[in-house]
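Comments concern the structure below.
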Amino acid sequence: PEPAGMERSRSLGPALPPYEPLSEGLDMEGLPRSTVVSVEPPPPPPPPRDHLAWSFCTTLYANICCLGFLALVFSVKSRDRKVLGDYSGALSYGSTAKYLNITALLLNIFLIIILVALIASSAISMVNLFNQEQERHPFLNPT
């Protein structure tokens, strides 16, 4: 008859090799050492960004079409979701705030370029107009 342990191991899975005691001349010192590897869980992902400071600056300095204020609202919603532990909601609101900030920044850069171009063209027009008036009425020239 088989030992009870072998019968049980067959019912649970493949048979385990039988335990063998050490030979007479060996001790534990002569056997190779085993290596223990501790497996740690991966670190949690960083919490999503809410872009609150950027939205605050956009609200104060570049609030074109109220995009800065909307970005600030979405940033606050993102921070609230992050505090509640809803990282997917925080990521969604944070990315919306980011895109609103980028849109407001691009619109402001575009408007500044247009404003500089208008000022430069009006200055050039004024200089040309002044030169034409000087040519028409030469007696107004300072002597």
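The basis for the numbers below is simple: all heavy atoms, side chains too, and nothing from hydrogens, waters or symmetry mates. Residue numbers start at 1 and run along the sequence shown. As the structure is a prediction and not an experimental result, all values here were calculated from the model.
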Would you say [X] and [Y] make side-chain contact, with heavy atoms under 4.5 Å?
| X | Y | result |
| --- | --- | --- |
| S75 | Y93 | no |
| F74 | K98 | no |
| T58 | N63 | no |
| L52 | L72 | yes |
| V76 | F56 | no |

[atom1]-[atom2] distance between [X] and [Y], expressed to the nearest 0.5 angstrom:
| X | Y | atom1 | atom2 | value |
| --- | --- | --- | --- | --- |
| I114 | I109 | CD1 | CD1 | 12.5 Å |
| I124 | L129 | CD1 | CG | 13.5 Å |
| L100 | H51 | CG | NE2 | 11.0 Å |
| S55 | L60 | OG | CG | 11.0 Å |
| R81 | L91 | CZ | CG | 13.5 Å |
| C57 | L105 | SG | CG | 11.5 Å |

Which heavy-atom pair separates [X] from [Y] by the least distance, and what is that distance?
| X | Y | answer |
| --- | --- | --- |
| K82 | A90 | N-CB, 3.7 Å |
| S78 | R49 | OG-O, 4.0 Å |
| R79 | D50 | NE-OD2, 2.6 Å |
| F69 | T59 | N-OG1, 3.6 Å |

Establish whether L106 and Y99 are linked, either directly or via other cluster members, by ILVMFWY side-chain heavy-atom contacts under 4.5 Å.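 Looking at the clustering, Y99 is in the same group as L106.
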Please determine whether residues I64 and L70 belong to a single hydrophobic cluster, defined as Ile, Leu, Val, Met, Phe, Trp and Tyr linked transitively by side-chain heavy-atom distances below 4.5 Å.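 Yes, one cluster joins them.
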Evaluate S88 against D86 for side chain to side chain donor-acceptor pair (under 3.5 Å), listing each step before the verdict. CA-CA 6 Å; S88 63; D86 179 15; 3.2 Å; yes
